[in-house]
Protein chains: 2
Amino acid sequence: MKCCVIRYAVFMSTTQRTDADVIDDWRERQRTYLATAANLDRALEQNFDLGLSEFEILDLVWESNTPECTMRDIVDLTPMTQSALSRVVDRLARAGLLTREECTTDRRSMFVALTSEGASVHTKARKVYREVLASELSPTA
Amino acid sequence: MKCCVIRYAVFMSTTQRTDADVIDDWRERQRTYLATAANLDRALEQNFDLGLSEFEILDLVWESNTPECTMRDIVDLTPMTQSALSRVVDRLARAGLLTREECTTDRRSMFVALTSEGASVHTKARKVYREVLASELSPTA
DNA sequence: TTGCATTACATGACACAGCATGTATCTTTG
DNA sequence: CAAAGATACATGCTGTGTCATGTAATGCAA
């Protein structure tokens with residue numbers, strides 16, 4: 001494992017950072033976050049008709065790697081709101097990419113699972129997602 | 001100027017970073033960005049009835065430090081869309097925090113300026129903004 | 001000067017997120 | 001067991017963002 005590259009920047013120690021430093025830091029983060037998110041969204045939208053948050057949910061369901069993945073499980077893994085998740089899953093289900101079915105042991109819960117089409121789309125989309133991220137977040141960028 | 005603190009983490013060199021590294025990096029950025037944005041928004045909303053993007057515009061107008069700051073000038077400084085800016089300025093104007101007046105030399109343009117109340121609110125809000133950022137983005141957090 | 005492209009800003013239509021709340025189902029407590 | 005509270009999810013309402021377009025003013029070419 002080759003040695004290390006220090007990413008971003010090296011900052012002055014905490015007590016020495018001025019307000020301007022903190023604000024510049026924040027603005028820079030904001031700029032890069034929003035730009036990257038927009039690029040991801042565009043790439044996914046154009047190629048797979050998926051929004052970024054839609055893909056993210058698809059990805060989390062895929063990662064769960066179980067047919068017994070509930071909404072609750074997912075919502076714990078994403079910064080998304082429970083209600084936002086509910087609607088995203090709704091869209092994905094309507095698009096035929098995943099299924100919602102009642103959990104038998106707890107009938108309040110819903111199991112969420114990829115359909116075969118969902119899995120197929122996810123595989124291709126994840127490739128694009130990785131590529132965009134690699135080019136956006138690479139230290140040389 | 002005291003010596004340095006390396007923020008975030010030290011990553012493996014580029015060519016060695018796996019997809020999982022890149023994705024984890026992204027998710028971490030996303031998480032912290034969204035959390036910080038939410039905290040800023042909440043603090044500004046509760047104390048000054050200002051959304052984050054509203055404050056950001058107020059701040060940019062203040063920073064321009066000229067009575068001849070146009071919408072165009074501002075839009076070049078923010079990741080916001082021109083149409084989003086238009087609406088934000090609209091809200092701020094309705095709230096009495098800034099004024100829009102026609103530019104005499106180019107009547108397509110609008111000069112945007114803080115009202116005295118806008119300046120006063122900005123001063124207080126910027127303090128809170130800085131405080132939240134300092135606690136959110138400090139290396140110890 | 002006239003005609004066309006460009007620029008600055010506003011706005012209508014729509015998509016999506018959040019909050020508050022509703023409904024159904026557990027769970028706990030007395 | 002009954003009643004009260006907690007939990008899982010859905011949904012109405014609203015605010016804010018984007019895209020596409022509209023309107024007015026300006027610049028530029030012939």
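All chains are named by letter (A, B, ...) in the order of the sequence lines, taking the proteins before the strands, and each is independently numbered beginning at 1.
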*Hey, could you give me the OG1/CE distance between Thr99(A) and Met110(A), rounded to the nearest 0.5 Å?*
9.0 Å
*Among the clusters formed by ILVMFWY side chains lying less than 4.5 Å apart, do Val88(B) and Leu77(B) turn up in the same one?*
yes
_For the student: nearest non-hydrogen atoms of Cys69(A) and Ile74(A), plus distance_ = SG-CD1, 3.4 Å
_Can you work out whether Glu54(A) or Thr104(A) has the more 5'-proximal nearest nucleotide on DNA chain C?_
Glu54(A)
_I'd like to know whether Arg42(A) forms a salt bridge (Lys or Arg N to Asp or Glu O under 4.0 Å) with Glu45(A), so could you lay out the CA-CA distance, the side-chain angles of the two residues, the decisive distance to 0.1 Å, and finally the verdict._
CA-CA 5 Å; Arg42(A) 189 150 24 79; Glu45(A) 197 75 63; over 6 Å; no
_In this structure, how many angstroms lie between the C1' atom of dC19(D) and the CD atom of Glu45(A), rounded?_
12 Å
_Using every non-hydrogen atom in the two residues, find where Asp41(A) and Leu52(A) come nearest and quote the distance to one decimal._
OD1-N, 2.8 Å
*Distance from His122(B) atom NE2 to Leu60(B) atom CG, nearest 0.5 Å?*
8.5 Å
*5' to 3' contact window, DNA chain C with chain A (heavy-atom distance under 4.0 Å)*: dC16(C) to dC26(C)
*Hey, are Arg31(A) and Glu56(B) close enough for a salt bridge, meaning a charged N less than 4.0 Å from a carboxylate O?*
no
Acceptor/donor pairs from residues 124-133 of chain A side chains to any protein atom, 3.5 angstrom cut, sequence neighbours excluded:
| unit_1 | atom_1 | unit_2 | atom_2 | d |
| --- | --- | --- | --- | --- |
| Arg126(A) | NH1 | Asp59(A) | OD1 | 2.9 |
| Arg126(A) | NH1 | Asp59(A) | OD2 | 3.1 |
| Lys127(A) | NZ | Glu131(A) | OE2 | 2.9 |
| Tyr129(A) | OH | Trp26(B) | NE1 | 3.4 |
| Arg130(A) | NH1 | Asp19(B) | OD2 | 2.9 |

_Nucleotide-resolved protein contact map, nucleotides 3-11 of chain D, B/S/- at heavy-atom distance under 4.0 Å_ = ----BSBBB
*Which part of the nucleic acid, if any, lies within reach of Arg91(A) when heavy atoms closer than 4.0 Å are counted: base, sugar-phosphate only, or nothing?*
sugar-phosphate
